[in-house]
There are 2 protein chains.
Amino acid sequence: MSSEAAGLYSGTTSDAMEKIVTALDSSAAAGPGEPESAAKQIPPAAVARMTLYLRALNSLLAEGVERVSSEALAEASGVSSSTLRKDLSYVGSYGTRGVGYEVQYLSRHIAAALGLTHDWKVAIVGAGNLGKALARYGGFESRGFDIVAIFDADQMVIGSEVGWLRVSDVADMESVLHRTGANMVVLALPATVAQEMCDRVIAAGIRSILSFAPVLLQVPPYVNLRKVDMATELQILAYHAQRTQTPGQPVRRDVG
Amino acid sequence: MSSEAAGLYSGTTSDAMEKIVTALDSSAAAGPGEPESAAKQIPPAAVARMTLYLRALNSLLAEGVERVSSEALAEASGVSSSTLRKDLSYVGSYGTRGVGYEVQYLSRHIAAALGLTHDWKVAIVGAGNLGKALARYGGFESRGFDIVAIFDADQMVIGSEVGWLRVSDVADMESVLHRTGANMVVLALPATVAQEMCDRVIAAGIRSILSFAPVLLQVPPYVNLRKVDMATELQILAYHAQRTQTPGQPVRRDVG
DNA sequence: TAGATTGTTAATCGATTAACAATC
DNA sequence: TAGATTGTTAATCGATTAACAATC
């Protein structure tokens, strides 16, 4: 996260949620004096891996595969089968012992656990190179994220076409967010204006933000914020590269 | 992500490196029978945070601040002072008890630990929207990453200008990588061709790769691979959003 | 010397792995 | 029933936090 991966996630995990008790559940299994069952919370590292399982399952589905073992799915996702089974246990028991998992059935349950059963409406703030690239990126639509608006402050850019959309004036941001029903925002902005726009977006009612701005954003605890910083990724790579490559070493041509 | 927390880092950490012994160091401190000092390895989560410290320090430097305490630097980086001091202890003792850290001095030592004392030469494979956005992104140059080439397979795109560069034909990739001295590659490609290009880049001698392709890449253990997947980030965000927002709930207009 | 702050240790917390009983 | 594979437990491993001795 950070990893975080290295995750650099700084969102909220409501402790209050942990304490919600499902009174009906607790009667049978729990012995006297034992804590009662609480609303499950999936560990952050497991949530990140769920997206890998989902991607692998959807590939299998596209290939027409109907069943898969934890061993095979783990391999396709790049994790150990032990980790996979442990992760799946956080969302429920959707496999059959001695048999494996039904691909479509498991895929649906993971999607449900991640909150991907309905489409999310995403607005992009910033129509520079990155904002445009994101707006045109096909990977979002196919995974349940609809880009519903893109904003910029530059009069030369406002009104121009980006993919299926027209760039809106950031001055109208609040009304456009409201009209389009956006419930997530991607910040593709320079560091200098990121905090200001972040504040406005939150004031407009948005509670989930993905930021590409290379700056530490301050958000209230009830806002979910994730950050992606491409220069940071290269710096982390540099650290590992340094340990395996002699710093000045030029590219070696392999024979082959 | 990361930690990777949710870090999805799947690179290599050479165990052999751990065993390199600095014979001279060990005589004084280590008692008889104790293991001798080995080449330090910074934990992944700490490496990711180092980039935050570096960013914060460079901001302070720009403001003309000369000294900073662990408490203040931690706050500016969004971590606890305990974590900060622990992290810094992995790279050395660059503070003064009772006083704090000299900003420039600490910044230089962290940069050195991350392998950022020389510029890295980065080639981008794929001149689509994302590749172009990355090539024009100012954040790289300012942090010691020189973009030295950008490739595409589309004859309509080859030869066109992107930032300071001209798009090269991916057919000439090996010779251009060699000529420009590139030692890192960013893959900005569709999933379908990513593995193939990844293989070619590795065969050409590249050992450090940052991939934006939404697919699990297979690389040999001596290659450092990091992945950034923007749709994955939104999916993780969706999970947290689901826990705090009622799924279908529209944006609420706050009074203010 | 007294106050401040680092660097490090020990305790806590969480994540991963290995192993296996449950069960199809 | 025998073989296969899940779901879960316990053990290991690593990361974070709190506390404080060292020392400026």
Side-chain angles (χ1 to χ4, degrees), chain A residues 1-10 13 15 18 29 34 37 40-50 52-53 67-75 77-103 105-106 109-110 113, chain B residues 1-10 13 15 18 29 37 40-50 52-53 66-75 77-103 105-106 109-110 113:
Chain A
M1 24 230 325
S2 100
S3 236
E4 8 106 314
L8 303 173
Y9 177 71
S10 66
T13 49
D15 283 345
E18 278 239 69
E34 279 195 51
S37 73
K40 253 180 302 206
Q41 156 131 348
I42 308 175
V47 173
R49 286 189 298 259
M50 295 283 181
L52 301 177
Y53 308 152
R67 265 208 298 257
V68 69
S69 68
S70 63
E71 192 64 54
L73 181 57
E75 156 122 50
S77 307
V79 306
S80 73
S81 70
S82 206
T83 296
L84 170 73
R85 290 199 302 276
K86 181 80 171 150
D87 286 350
L88 293 185
S89 78
Y90 294 121
V91 309
S93 302
Y94 301 119
T96 307
R97 291 168 201 237
V99 177
Y101 302 90
E102 221 205 296
V103 173
Y105 183 74
L106 181 60
H109 280 284
I110 292 178
Chain B
M1 22 174 106
S2 138
S3 179
E4 243 236 67
L8 303 172
Y9 176 71
S10 68
T13 49
D15 282 345
E18 277 240 69
S37 72
K40 253 181 300 208
Q41 157 130 346
I42 308 174
V47 172
R49 286 189 299 260
M50 295 286 180
L52 301 177
Y53 308 152
E66 290 184 356
R67 266 208 296 256
V68 69
S69 69
S70 63
E71 194 63 55
L73 182 56
E75 157 121 50
S77 308
V79 305
S80 74
S81 69
S82 205
T83 296
L84 171 72
R85 291 199 301 277
K86 181 81 172 148
D87 286 350
L88 293 185
S89 79
Y90 294 121
V91 309
S93 304
Y94 301 118
T96 308
R97 288 167 202 241
V99 177
Y101 302 89
E102 221 206 295
V103 173
Y105 183 74
L106 182 58
H109 279 284
I110 294 177

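Chain identifiers are assigned alphabetically (A, B, ...) following the order of the sequence lines, protein sequences preceding nucleic acid strands; residue numbering begins at 1 within each chain. Hydrogens, waters and symmetry mates are skipped; everything else that's a heavy atom, side chains included, is used. Keep in mind the model is a prediction, meaning the values are calculated, not measured.
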What is the distance from [atom1] of [X] to [atom2] of [N], rounded to the nearest Å?
{"X": "Y101(B)", "N": "dG7(C)", "atom1": "OH", "atom2": "C1'", "value": "7 Å"}
{"X": "I42(B)", "N": "dT16(D)", "atom1": "CD1", "atom2": "P", "value": "14 Å"}
{"X": "L84(A)", "N": "dA18(C)", "atom1": "CG", "atom2": "P", "value": "15 Å"}
{"X": "K86(B)", "N": "dT12(C)", "atom1": "NZ", "atom2": "P", "value": "16 Å"}
{"X": "Y94(B)", "N": "dG7(C)", "atom1": "OH", "atom2": "P", "value": "10 Å"}
{"X": "H109(B)", "N": "dG7(C)", "atom1": "NE2", "atom2": "P", "value": "12 Å"}
{"X": "L106(A)", "N": "dT5(D)", "atom1": "CG", "atom2": "C1'", "value": "14 Å"}
{"X": "D87(B)", "N": "dT9(C)", "atom1": "CG", "atom2": "C1'", "value": "16 Å"}

Selection from [options] that lies nearest to any side-chain heavy atom of [X]:
{"X": "R85(B)", "options": "dG7(C), dG7(D), dT16(D)", "value": "dG7(C)"}
{"X": "S69(B)", "options": "dA18(D), dG7(D), dT6(C)", "value": "dT6(C)"}
{"X": "T83(B)", "options": "dA15(D), dT16(C), dT16(D)", "value": "dT16(D)"}
{"X": "S89(B)", "options": "dT23(D), dT8(C), dA15(C)", "value": "dT8(C)"}
{"X": "R97(B)", "options": "dA19(D), dC24(D), dA15(D)", "value": "dC24(D)"}
{"X": "S82(A)", "options": "dA19(D), dG7(C), dA18(C)", "value": "dA18(C)"}
{"X": "P44(B)", "options": "dA15(C), dA15(D), dT6(C)", "value": "dA15(D)"}

How would you list, by chain and number, every residue that makes a side chain to side chain contact (heavy atoms under 4.5 Å, CB included) with Y105(B), sequence neighbours excluded?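 Counting only residues at least two positions away or on another chain, Y105(B) forms a side chain to side chain contact (heavy atoms under 4.5 Å, CB included) with Y94(B), E102(B), H109(B).
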Looking at dA15(D), I'd like to know if its phosphate oxygens (OP1 or OP2) sit under 4.0 Å from a side-chain N or O belonging to Y90(B).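 No, outside the criterion.
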Respond yes when some side-chain nitrogen or oxygen of T96(A) is under 4.0 Å from OP1 or OP2 of dT6(D), and no when none is.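 No, no such contact exists.
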For the student: nearest non-hydrogen atoms of S70(A) and L84(A), plus distance: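 Smallest heavy-atom distance, with atoms named: O-CD2, 3.1 Å.
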Distance-minimising heavy-atom pair for R67(A) and V99(A):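 Taking every non-hydrogen atom into account, CD-CG1, 3.4 Å.
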OG/S80(A) to CD/E75(A) distance, rounded to the nearest 0.5 angstrom?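 Nearest 0.5 Å value for the OG-CD distance: 12.0 Å.
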Does dA21(D) have a Watson-Crick or wobble mate here (both distances under 3.5 Å), and if so which one?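 With both distances under 3.5 Å, dA21(D) matches dT6(C).
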Is any side-chain heavy atom of L88(B) closer than 4.5 Å to a side-chain heavy atom of I110(B)?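 Yes, their side chains come closer than 4.5 Å.
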